[in-house]
Amino acid sequence: MDHKILQPVHQSFFNQPTLQLAEELLGSFLVHETPNGLLVGKIVETEAYLGADDRAAHSFNNRRTKRTEIMFHEAGFAYVYTMHTHHLFNIVTGRANQPEAVLIRGIEPMIGEDVMLENRPVSKRANLTSGPGKLTKAMGIDKSYYGNRLWEKPLYIAVGERPQEIMIGNRIGIPNAKEAVAYPYRFWISNNPFVSR
DNA sequence: ATGTCGATCGTCT
DNA sequence: GACGATCGACATT
């Protein structure tokens with residue numbers, strides 16, 4: 001992989017409908033320039049959370065708290081929150097006061113896999129970044145990145161290649177979200193081993 | 001391959 | 001005080 005193609009997207013990249021962006025992000029790169037080296041993963045699985053009308057979203061009913069505050073900003077900021085002992089990484093989408101986001105659920109290691117393995121030692125390669133809590137650990141993303149601009153270094157999105165085949169289905173881990181359980185807001189690259197399931 | 005269960009802690013009520 | 005947008009271990013089929 002050629003490092004030179006890794007340029008942060010323009011901020012306007014994030015200004016598209018959330019469902020469209022969740023799909024568009026598949027095949028794009030998540031890039032983190034760390035003191036230990038360049039870490040790059042291809043995004044292979046995402047989920048959209050549509051804010052006020054989506055019972056599964058933290059911002060359902062426009063619930064605005066210290067945690068969800070960043071979701072009410074314009075698109076392109078990082079929303080990182082703690083789930084049990086894990087950090088989950090989201091990209092804020094939608095316009096200001098339209099609290100939507102895309103959760104990154106799986107990435108395929110492209111550059112810096114050795115450092116990722118130091119961050120998160122595993123025996124099976126496919127277990128390194130195949131889940132939202134796994135990939136943040138491997139990529140060195142924690143809550144200190146809350147609110148970071150994802151069109152600037154050191155943590156950013158870079159354009160990649162369009163995937164061959166995309167699958168769409170229900171989101172994972174939201175059994176109590178009533179009608180929202182059935183919403184087809186999950187996107188993944190067909191047959192990629194770094195999809196969480 | 002699938003299911004259940006416990007860890008563990010910040011956030012919100 | 002209750003509750004997870006999870007993970008890993010262990011059990012069972």
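Each chain gets a letter, A, B and so on, in the order its sequence line appears, and its residues count up from 1. These numbers come from a predicted model, not from an experiment.
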- For the pair made of CG in L88(A) and P in dT6(C), what is the distance, rounded to whole Å? 6 Å
- Query: Where are the stems of DNA chain C, defined as at least 3 consecutive Watson-Crick or wobble G-U pairs with both distances under 3.5 Å?
  - Reply: B:1-7 with C:6-12, B:9-12 with C:1-4
- Contacts of P154(A) meeting side-chain contact (heavy atoms from CB on, under 4.5 Å) (sequence neighbours excluded), chain-then-number -> H32(A), E33(A)
- Does any residue of residues 49-78 of chain A have a heavy atom under 4.0 Å from DNA chain B, and if so, which ones, in number order? R63(A), T65(A), K66(A), R67(A)
- Those residues that, when tested against R186(A), pass side-chain hydrogen bond (donor to acceptor under 3.5 Å, both in side chains) (two or more places apart): E45(A)
- Task: Would you indicate what I174(A) reaches in the nucleic acid, counting non-hydrogen atoms under 4.0 angstrom: base, sugar-phosphate, or nothing?
- Result: sugar-phosphate
- Item | Beyond-backbone contact of Y156(A) with N148(A), side-chain heavy atoms, under 4.5 angstrom | no
- Task: Indicate yes or no: at least one non-hydrogen side-chain atom of R120(A) is less than 4.5 angstrom from one of L128(A).
- Result: yes
- Task: Please list, chain by chain and in numerical order, all residues satisfying side-chain contact (heavy atoms from CB on, under 4.5 Å) with Q16(A), sequence neighbours excluded.
- Result: F13(A), Q20(A), L21(A), E24(A)
Pairs under 3.5 angstrom only: tabulate donor-acceptor contacts from the side chains of residues 79-91 of chain A to other protein residues two or more places apart or in another chain.
residue : atom : partner : partner atom : Å
Y79(A)  : OH   : H58(A)  : ND1          : 2.8
N90(A)  : ND2  : Y79(A)  : O            : 3.2

- Message: Tell me whether T34(A) contacts the main-chain N or O of G37(A) through its side chain, where contact means a donor paired with an acceptor under 3.5 Å.
- Response: yes
- With side chains defined as the heavy atoms from C-beta onward, is the minimum distance between D142(A) and T136(A) less than 4.5 Å? no
Every protein N/O lying under 3.5 Å from an N/O of nucleotides 11-13 of chain C:
none

- Task: Please identify each residue that fulfils side-chain hydrogen bond (donor to acceptor under 3.5 Å, both in side chains) with S123(A), with sequence neighbours left out.
- Result: none
- Note on the structure: Sorted by chain and number, sequence neighbours left out, side-chain hydrogen bond (donor to acceptor under 3.5 Å, both in side chains) with Y185(A) holds for none
- Are any non-hydrogen side-chain atoms of M139(A) and M116(A) less than 4.5 angstrom apart? yes
- Where along residues 118-138 of chain A does a heavy atom fall under 4.0 Å from DNA chain C? R120(A), N127(A), G131(A), P132(A), G133(A), K134(A)
- Does any non-hydrogen side-chain atom of R63(A) lie less than 4.5 Å from one of F60(A)? no
- Would you indicate whether the side-chain heavy atoms of E47(A) and F187(A) approach each other to under 4.5 Å? no
- Message: What I'd like to find out is whether the side chain of I141(A) reaches to under 4.5 Å of the side chain of L30(A), using heavy atoms alone.
- Response: yes
- Message: Are F77(A) and W151(A), when compared by the centres of their aromatic rings, separated by less than 6.0 Å?
- Response: yes
- Query: Just to confirm, is there a sub-4.0 Å distance from OP1 or OP2 of dG4(C) to any side-chain nitrogen or oxygen of N176(A)?
  - Reply: yes
For nucleotides 8-10 of chain B, tabulate all protein N/O to nucleotide N/O atom pairs closer than 3.5 Å, reporting atom names and distance.
residue : atom : partner : partner atom : Å
dT8(B)  : O2   : H84(A)  : ND1          : 3.4
dG10(B) : O3'  : K143(A) : NZ           : 3.3

- Mind listing the residues from residues 182-197 of chain A sitting with a heavy atom below 4.0 Å of DNA chain C? Number order is fine. none
- Query: Do V9(A) and L26(A) share a hydrophobic cluster (ILVMFWY, side-chain heavy atoms under 4.5 Å, transitive)?
  - Reply: yes
- I43(A) side chain near T46(A) side chain, heavy-atom distance below 4.5 Å: yes
- Going by atom types alone, do E152(A) and Q11(A) pair a side-chain donor with an acceptor below 3.5 Å? no
- Message: What contact category does R171(A) fall into here, base, sugar-phosphate, or nothing, at under 4.0 angstrom with non-hydrogen atoms?
- Response: nothing
